[in-house]
Amino acid sequence: MHPSHLAQTNQQKAFAIIEECQIKQAWQSIGAQINLIGSLKMGLLAKHRDIDFHIYTPQLNIAQSFAAIAKIASNPRITHIEYRNLLDQEDNCLEWHAWYQDTQEWQIDMIHIVQGSKYAGYFEKQAEKILAIMSAEQKETILKLKYEIPDETHIAGIEIYQAVIEGNVKTLKELLQWRANHPQQGIIEWIP
């Protein structure tokens, strides 16, 4: 199947999972604003089945964050959840990772952030800018590369987008060379 058709199939499934698990409703029940970000937001979800959200509240209340996650965990297809308190890190957030299992496993990343903090709205803006300038050819190249990357090799989506859009990378070999020439550490703060 062509990479764009596979991506479309994965996207449809991802939106069905979001609805089935009532993810937006769970976070809205504690007064949070929830925004879809990442590859699903940009139509670039490929073989790595992950769904990314940024969640905003005026303050970070750990008990409220757990209350929202408890609602999501009530779905029997959520097999496990991980939590990280990163309030003393650069991210200044609560990080949740939930795994959903049916015929395939999906990872749902939910980053709970204080409104007005350093990264509030940053990744939403990043996605909007990428969508605004990405050509149809670049989108196809990105999806092709995502399917060609070996499963044991982790390359962040944003690295691929930057390499294709900024570096005119077209092949996996060129992508690996781009990464060697442009090493990244921590949060990648690139907006085209």
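W27 has its side chain within reach of I72: a pair of non-hydrogen atoms, C-beta onward, lies under 4.5 Å apart. Counting heavy atoms from C-beta outward, L60 and I113 have side chains that stay 4.5 Å or more apart. For the pair L87/L94, a side-chain contact is recorded, criterion being any heavy-atom separation below 4.5 Å from C-beta on. Residues I160 and W178 are not in side-chain contact: their nearest non-hydrogen atoms beyond the backbone lie 4.5 Å or more apart. Proximity of T57 to H112: side-chain heavy atoms (C-beta onward) are separated by under 4.5 Å at one or more points. By the 4.5 Å heavy-atom criterion applied to side chains, L40 and F15 are counted as neighbours.
No donor-acceptor distance shorter than 3.5 angstrom exists from the side chain of E166 to the backbone of Q162, with no hydrogens or angles considered. Put simply, the side chain of K146 gets close to the backbone of L44: a donor and an acceptor are under 3.5 Å apart. Side chain of R49 to backbone of E105: a donor-acceptor contact under 3.5 angstrom is found. Of the possible polar contacts, none joining the D52 side chain to the D109 backbone as a donor-acceptor pair under 3.5 Å is found. Of the possible donor and acceptor atoms, none in the side chain of Y83 sits under 3.5 Å from a partner among the backbone N and O of F66. Side-chain N or O atoms of Q22 include one that pairs as donor or acceptor with a backbone N or O of E19 at under 3.5 Å. At least one donor-acceptor pair closer than 3.5 Å links the side chain of K47 to the backbone N or O of Y147. A distance-only check finds no donor-acceptor pair linking the side chain of Y100 to the backbone of N75 [under 3.5 Å]. In terms of modelled atom types and a separation under 3.5 Å, the side chain of K144 and the main chain of K170 share a donor-acceptor contact.
If you take NZ on K41 and CG on L36, they are separated by 6.5 Å, rounding to the nearest 0.5 Å. Separating the CG atom in L86 from the CG atom in D88 is a distance of 7.5 Å, to the nearest 0.5 Å. Annotation: the span from I142 atom CD1 to Q138 atom CD amounts to 6.5 Å, rounded to 0.5 Å. Here the CD1-CZ distance, from I130 to F123, works out to 10.5 Å after rounding to the nearest 0.5 Å. Separating the CD1 atom in I17 from the CH2 atom in W106 is a distance of 5.0 Å, to the nearest 0.5 Å. Expressed to the nearest 0.5 Å, how far NZ of K125 lies from CD1 of I37 amounts to 15.0 Å.
The hydrophobic cluster containing I133 also contains L145, counting ILVMFWY residues as joined when their side-chain heavy atoms lie under 4.5 angstrom apart, directly or transitively. The hydrophobic cluster containing M42 also contains V169, counting ILVMFWY residues as joined when their side-chain heavy atoms lie under 4.5 angstrom apart, directly or transitively. M110 and I30 fall within the same hydrophobic cluster, defined by Ile, Leu, Val, Met, Phe, Trp and Tyr side-chain heavy atoms under 4.5 Å apart, directly or through other members. Residues L176 and I188 share a single hydrophobic cluster, defined by chaining ILVMFWY side chains whose heavy atoms lie under 4.5 Å apart. Under the 4.5 Å side-chain heavy-atom criterion for Ile, Leu, Val, Met, Phe, Trp and Tyr, W99 and I18 are members of distinct hydrophobic clusters.
For K24, the NZ atom sits in a loose shell: 12 or fewer heavy atoms of surrounding residues, nucleotides or ligands are nearer than 6.0 Å. Few gaps surround CD on Q104; more than 12 heavy atoms of other groups in view lie less than 6.0 Å from it.
Residues V114 and Y56 approach most closely at O-CD2, 4.4 Å, considering heavy atoms.
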Steps toward side-chain contact (heavy atoms from CB on, under 4.5 Å) verdict (Y122, E189): CA-CA 9 Å; Y122 182 85; E189 295 184 359; 3.3 Å; yes

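For the side-chain contact (heavy atoms from CB on, under 4.5 Å) with L131, the qualifying choice from M134, K129, E128 is M134, the only one to do so. When each of E159, Q184, E174 is paired with R179, the side chain to side chain donor-acceptor pair (under 3.5 Å) condition holds for E159 and for no other.
A salt bridge is absent between E148 and K173; no separation between the charged side-chain nitrogens and carboxylate oxygens falls under 4.0 Å.
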